[in-house]
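Here's the structure, in structure tokens; my notes come after.
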Amino acid sequence: MKLQIYMNKHKPWIETSYHGVITENTDIVLLDPPLVALDKDAPIPYAGEICAFNIHGLEAPFEAVVLNGTSGEGQLRARGLVDCELQKEYTFIIQAHDCGSGPGGTEGKKSHKAVVHIQVNDVNEFAPVFREPQYRAAVTEGKIYDSILQVEATDQDCSPQYSQICNYQIITTNTPFAIDRNGNIRNTEKLSYDRQQQYEIQVTAWDCGQKRALHSVPVCIDVKPVCKPGWQGWNKRVDYEPGTGSKQLFPKMHLETCGGLLSSVRTTVELQTSHIGKGCDRETYSEKSLQKLCGASSGSTDLLPAPSTATNWTASLVTDSGRDSDLIFRFEGHQAAKIPDWVVPQNLTDQFTIATWMKHGPSPGLRAEKETLLCNSDKTEMNRHHYSLYVHNCRLVFLLRRDFTQVDTFRPAEFHWKLEQICDKEWHYYVINVEFPVVTLYVDGVTYDPYLVTDDWPIHPSQIDVQLTVGACWQGGEVTKPRFTQYFRGSLSGLTIRPGKIESQKVISCLQACKEGLDINSLESLDKNIKFHFNPAQSILVMEGEDLENMNAAVRKVSYINSRQFPTPGIRRLHISTAVQCFGEDTCITIPDIDAVVMVLQPSEPRITITGVERLSWPASDLREPGGIALFQDLHIISTVTRADATAHDTAHRPGVLEEIIHNLDYCDILVLGEELRLGQESLQLQRSALLGKHLDATNSTSGMSIYGVDSMSNYEQVIRQVHYSNWQPGQVTERRFRLTCSELNGRYTSNEFNLEVSVVLHNSEAGEHISHMVAPPQYMQVVHHPSMIHDLFPSHSVPSAATVVIVMCIAALVVVVVLGIYRIHLTHQQEVKFAEMAKETDTTWDDSALTITVNPMEVGGISPHIMLQDDERALVMHAAYITMCALSCGIKAPLWRTMFCNLPLFFVPATGS
């Protein structure tokens, strides 16, 4: 069959350009105009038919298919799913092809090239997402803001309709905030810092296709108070744990200037401790112990000691123990005390010191009277003041009138000081050093010269006794009835007078030193441009600088420190004042003062425990030895505190753990229980050498011994172990009981009462001596030994010659016994004489010491120190000699000697005989 060939004269025709739209995730493209190819060769088969549409482009994901070759209709579709978010538009070239001249498509013709522009339509498949996970802003109270902050959400859809955010909404209810379509948040009412310091709201968003964000976003808005210049970031209370050293007071504090530029800042930090003890936390040891601790000269007299049997002149005064056993005497204008003559220091030379703590305020009334602290005046007849210390119109006056025997010219007599401290109602330490005619006053360790010195004539000598008084002046003459006058109103403590020596400034500073104060932590890291200054008590710190940040860093270093092991618990107030200067401005910001407190917590109370042997038994001979016996040879003193168990989880029921600690003691008392020691027969002894190298001293009496001074527990142990007890007549007291107690901080913490019982062990012979002494016949009482009794024992006719040897040997043994007895008595005599000499020498050596050691008791009351045999001892010797001679004479059958010795009566010679 012959193939028919058609003539293909014309090319296909299509539009020059096409615009199409396809929705993402579909494959059909809607073209405008529709894809149709025309061929003028139609209706000729093949030549007038459209066989294909070809696409030319850079990997365009589309294809064109012929729907009807005769009509030339075609369709454009995607080869796969299109994504608007990946590509929104496509542009490519399309060309139509006819079928040519025959079935093989030979001589086919192409149309011209047409441009196809495809736009991908978006689908709202993505929800809005906020750019930030949360938003935060701060506002100042009392203001209405147009916009506090703006939140922003985005949408990943490609079209404006679905990718744009059309709305924001606050979904938290009942909040004073609103938000607009652009995400700006504003407050709808004025905010108050006092009412609420922070708000947290939730915000959501919608796109323009009304698709809502899957997750809302939190927005935090902090409300700040109205900016006021001042210190910020400080705590009103700072807790201080005892024993922790220096603690920062303001570790996060900074100065807010509200944008003001400052040229200099000056800050003053004041620690207020006037309500603690005597003005601050000081050591509360007794005045004697403190003086010993500070190395003060010995020989001072405490005129205001604690009331006791020996110091009863302060019993009528009003005491205010305050805290921590700090002894204070209050004088209210009608109390005074007379110092006994035996206490008053005699022979005040040109050098002496008067020291006291005083708290005094302005005197009531328009015309203030003299207020006497200390006065030495005539006891009777006249009204002369020899020396006195008094306050008059807030002036401190010291009067010193010399005798004509000391000086006979017009000399300085009254020394006046005018100081604010005298009437500020605060505690101060006053020391008057007299180096006549120069008198120097120390107040809290600072020297002051008198502003006025008046001269006077010396006092005429007289035989009138003087009276030393405290709290007023004694007027014994020129009045109808002797009485006190010029009463003092205020408080005193530690009033002492030391004749013959003046106190050094180093000792004075030690006696009044505060154990708490302000400090600068890491002083070496303080900026060199910061200037600072402490007052002597370290209760006031002044800091000054030009750079604000350096000043902030410096103030953060300010610390509180308390060096006491057991500080006084309670509040210490802090006051911070600041002055600033601005650059070239007439007006500058004002920094308000701030007040805070340091709370010193209660220290763990120590438990002082004394242990050792509680019962001793000693032979009577050891008690008669010159050194006696050591009472507390096995003594141990320890101190423990109860700490909370840090490993326990239940803090409310946390068990206590005992922990041993080391601290000082200030006295230990050895008290004689029952009857006091018999003067001249028994005593407690302590060698002076035991106290060398220690801050300790001791006093001794028949009622016991007191060892005092601030020193370690180990030193107290060493000294107490060397306390000895002697009894020269142990047969009369066979048992003694002693009680030992120790103290820290003048009785604030006391030990247990350690009781010791000492028993005297009497040997058989000594027991017999003791009994025979109690039942001995009266002096010169004659005891007759009848000759028949001797003959019954030794009949002459019954002794064989062989027995004579035995009798002689017995007699020889008796002689040896007698000789040993005499030697023992002689040895005891030599030891007691030697001890008498040692005791006498010790008494001379210790004459200027505070320690009293009992010397040879046989010298007391004029008793001769020579050895005296007791009645039973003398009888024993005489009886042994008598038996010896009698046995000898009777055994050798010597009639004359037998008559002389065997028939002689035996007398008990009295102990007082020569």
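None of the values given here were measured: they were computed from a predicted structure. Just so you know, residue 1 is the first one in the sequence shown, and it goes up from there.
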Verify whether the ring centers belonging to F566 and H663 lie closer than 6.0 Å.
-> yes
Are any non-hydrogen side-chain atoms of E503 and N433 less than 4.5 angstrom apart?
-> yes
Hey, is D711 close enough to K694 for a salt bridge, meaning N to O under 4.0 Å?
-> no
Does a side-chain heavy-atom distance below 4.5 Å link P307 with T314?
-> yes
Grab the two heavy atoms, one from V733 and one from V760, that are nearest each other, plus how far apart they are.
-> O-CG2, 3.5 Å
Return the orientation label for the F331 and F329 ring planes: parallel under 30°, perpendicular over 60°, tilted otherwise.
-> tilted
Flag, side chain of R282 to backbone of Q512, donor-acceptor distance under 3.5 Å = yes
Do R737 and R615 touch side chain to side chain, with heavy atoms closer than 4.5 Å?
-> no
Could you verify whether a donor N or O on one side chain and an acceptor N or O on the other, from T284 and N746, lie under 3.5 Å apart?
-> no
Please check if the side chain of T311 supplies one atom and the backbone of A306 the other of a donor-acceptor pair under 3.5 Å.
-> yes
Greater than 12 external heavy atoms within 6.0 Å of Q602's CD = yes
Please tell me if the side chains of L468 and L303 come closer than 4.5 Å, counting only heavy atoms from C-beta onward.
-> yes
Side chain to side chain contact (heavy atoms under 4.5 Å, CB included) assessment of T496 paired with Q291 | CA-CA 11 Å; T496 60; Q291 290 175 0; 3.7 Å; yes
Could you please spell out the steps behind the side chain to side chain contact (heavy atoms under 4.5 Å, CB included) verdict for S493 and L304?
-> CA-CA 7 Å; S493 179; L304 287 175; over 6 Å; no
Taking the side chain from Q505 and the backbone from G445, do they hold a donor-acceptor pair closer than 3.5 Å?
-> yes
What one should report as the nearest heavy-atom pair of S289 and G709 is OG-N, 3.7 Å
More than 12 non-hydrogen atoms from neighbouring residues, nucleotides or ligands closer than 6.0 Å to NZ on K515, yes or no?
-> no
Can you check side chain to side chain contact (heavy atoms under 4.5 Å, CB included) on D281 and T273, steps first, answer last?
-> CA-CA 8 Å; D281 210 1; T273 60; over 6 Å; no
Are any non-hydrogen side-chain atoms of N562 and V598 less than 4.5 angstrom apart?
-> no
Between C742 and I720, the two heavy atoms sitting closest are SG-CD1, 4.4 Å
T609-N752 side chain donor-acceptor pair, cut-off 3.5 Å | no
Is there a side chain to side chain contact (heavy atoms under 4.5 Å, CB included) between V431 and L511 once you walk through the steps?
-> CA-CA 10 Å; V431 178; L511 290 172; over 6 Å; no
When rounded to the nearest 0.5 Å, the distance separating CG of L327 from CG of D302 is 8.5 Å
Is there side-chain contact between V343 and W313, with heavy atoms separated by less than 4.5 Å?
-> yes
Would you indicate whether R607, at its atom CZ, is surrounded by more than 12 heavy atoms from other residues, nucleotides or ligands within a distance under 6.0 Å?
-> no
Ion pair R564/E283, N-O distance below 4.0 Å = yes
Looking only at heavy atoms, which two atoms of A337 and L317 are closest? And how far apart?
-> CB-CD1, 4.0 Å
What distance separates S639 OG from I608 CD1, expressed to the nearest 0.5 Å?
-> 5.0 Å
Classify the side-chain pair Q732/R678 by whether it contains a donor and acceptor separated by less than 3.5 Å.
-> yes
Distance, nearest 0.5 Å, that separates CG of L665 from OG of S743 | 7.5 Å
Donor-acceptor pair, E717 side chain versus I637 backbone, under 3.5 Å?
-> yes
Heavy atoms of V507 and G295 approach each other most closely as CG2-O, 3.8 Å
For residues Y725 and F738, establish whether the separation of their ring centroids is below 6.0 Å.
-> yes
Flag the pair T568 / V600 as yes when at least one side-chain heavy-atom distance between them is below 4.5 Å, and no otherwise.
-> no
Can you say whether the rings of W427 and W357 are parallel (under 30°), tilted (30 to 60°) or perpendicular (over 60°)?
-> perpendicular
Any side-chain heavy atom of L684 sitting closer than 4.5 Å to one from L631?
-> yes
Shortest non-hydrogen pair, I276 vs I571, comes out as CD1-O, 4.1 Å
Do the rings of F754 and F632 sit parallel, tilted or perpendicular, given the 30° and 60° boundaries?
-> tilted
SB check E744 R748 (cutoff 4.0 Å) | no
Examine the side chains of E516 and Y560 and answer whether a donor and an acceptor come within less than 3.5 Å of each other.
-> yes
Sidechain-backbone polar pair: N664 side chain, V710 backbone, donor-acceptor under 3.5 Å | no
